[in-house]
Amino acid sequence: MNILEKTDFKNLGEKYVGKVRDVYSQKDKVVLISTDRYSAFDRNLALIPCKGQVLTQVSRFWFENTKDIVKNHVIDYPDPNVIVGKKCKVLPVEVVPRAYITGVTGTSLWTLYQKGERNFGDFVLPNGMRKNQKLDKVVLTPTTKREEHDRPLSTKEIIEGGFMTKEQWEKVKDVSLKLFKRGQEIALQKGLILVDCKYEFGLDENDEVILVDEIHTPDSSRYWQAKTYEGRIKKGMEPENFDKEFLRLWFKENCDPYKDKVMPKAPVEMIEELSRRYIQIFEQITGTAFKVETGDIEKRIKNNLKKYQI
Ligand SMILES: Nc1ncnc2c1ncn2[C@@H]1O[C@H](COP(=O)(O)OP(=O)(O)OP(=O)(O)O)[C@@H](O)[C@H]1O
Ligand SMILES: [Mg+2]
């Protein structure tokens, strides 16, 4: 079938299987292969046709539209599902700019705010805010990376905890705000609100801070439709969003995703619907038609990566 679940390439470097990507690590490069895995509850729940290609191509659009702000890790796009990047020492902090107060997970602003939290270390929020309201200004909520659970960090903790030097953090902060501003501006031209997102940075061979991983993808960012935002908020409705939650909810209702060894299969219509949504958001962001590839994806990638074999 025309879906990429996993890869098993020899001579491409040491393999690390991430939630969504297979990463082959070489001396000075990383080969990041986006698969079609849909992950939640720390497991792979389903395969969504075209998801890997959408993630790679949305990242590509944004890397190219932000490279004047900060250097990024991209060396090559050898295949629709693959980014070859400069291997970096990834900084152990995920930086999350937010323009709205929203979210449902434990570390989201709205969840914490609802519990009474007002002081977030680097900023304080006023009383009386409503869910999905725009913040007076963009805030940064850095969290730890590679710990079992994301833990919020303040500037003080980042520096005193040795996560980054003061200079590195100043640069990361400055660049994150600029990237996010650019993201919001371009998104708005396409009728989208970039609500929040996650950036990862790394140190290159000269210890320079550069942007790594992915950028403004529907997996790492939240987008709302701009046209209907005001009207829906006024009526107390949720903004019109790119929603991939419905599939996660289906699993929650139909099994115990934390305990069950074997998971039920999600209905085909739901898988197809999610695939359509990924393609639609790609087309809206980039303003170009999505090219559905035919043929065996793994074979194609193997072929396209020949020159990166070691
Ligand atoms: N230029 C780079 N150099 C080194 N590592 C990179 C680079 N770009 C991305 N990575 C790493 O590659 C991995 C991408 O895989 P994926 O996002 O699927 O993993 P993940 O399950 O989210 O893992 P993690 O929780 O570590 O991010 C991430 O660990 C990311 O930090
Ligand atoms: Mg990741």
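Whatever order the structure lists them in is the order used to number ligands and atoms, beginning at 1. Quick caveat, the model's predicted, so the values are computed rather than measured.
Among protein heavy atoms, atom 18 (O) of ligand 1 sits closest to R21 N, 2.8 Å. Closest to atom 13 (C) of ligand 1 among all protein heavy atoms lies V23 CG2, 3.8 Å. If you check which protein heavy atom lies closest to atom 9 (C) of ligand 1, you get D213 OD1, 3.2 Å. Protein heavy atom in closest approach to atom 23 (O) of ligand 1: Y16 OH, 3.3 Å. R146 NH2, 2.9 Å is the protein heavy atom nearest to atom 29 (O) of ligand 1. The protein atom (non-hydrogen) at minimum distance from atom 19 (O) of ligand 1 is G18 CA, 3.5 Å. In this structure, atom 27 (O) of ligand 1 lies nearest to the protein heavy atom K145 NZ, 2.7 Å.
Comment: R37 does not engage E5 in a salt bridge, judged by the lack of any side-chain N to carboxylate O separation of less than 4.0 angstrom.
Atom CG of D256 has more than 12 heavy atoms from other residues, nucleotides or ligands within 6.0 Å.
Inspection of the S275 and E272 side chains reveals no N or O donor paired with an N or O acceptor under 3.5 Å. In the model, Q26 has no side-chain atom that pairs as donor or acceptor with a side-chain atom of E14 under 3.5 Å.
Both the backbone and the side chain of K19 come within contact range of ligand 1, each with a heavy atom under 4.0 Å. Residue contacts with ligand 1 for E214 are absent, since no atom lies close enough (heavy atoms, distance under 4.0 Å).
With D150, L203, V212 as candidates, the residue nearest to atom 7 (C) of ligand 1 on a non-hydrogen basis is V212.
For residues 55-70, the set of pairs meeting the side chain to side chain donor-acceptor pair (under 3.5 Å) definition, not counting sequence neighbours, comprises S34-T56, R60-E64, W62-Y223, D68-R182.
For the residue pair F163 and P92, the shortest heavy atom distance occurs at O-CD, 3.6 Å.
Ligand 1 has an N or O atom lying under 3.5 Å from an N or O atom of V20, backbone or side chain. Between C88 and ligand 1, a contact under 3.5 Å exists for at least one N or O pair. Considering backbone and side-chain atoms alike, E200 places an N or O below 3.5 Å from some N or O of ligand 1. For ligand 1, the polar-atom distance check finds no N/O of K87 at less than 3.5 Å from any of the ligand's N/O atoms.
Aromatic rings from Y100 and Y229 are positioned such that their centres are separated by under 6.0 Å. Annotation: F180 is not in aromatic contact with H216 [ring centroid separation under 6.0 Å not met].
Residue V90 has at least one heavy-atom neighbour below 4.0 Å for each of these atoms of ligand 1: 4 (C), 5 (N), 6 (C).
Ring pair F9/Y24 is tilted by interplanar angle, where 30° to 60° counts as tilted.
Looking at R222, R232, K131 one by one, the single match for salt bridge (Lys or Arg N to Asp or Glu O under 4.0 Å) with E238 turns out to be K131.
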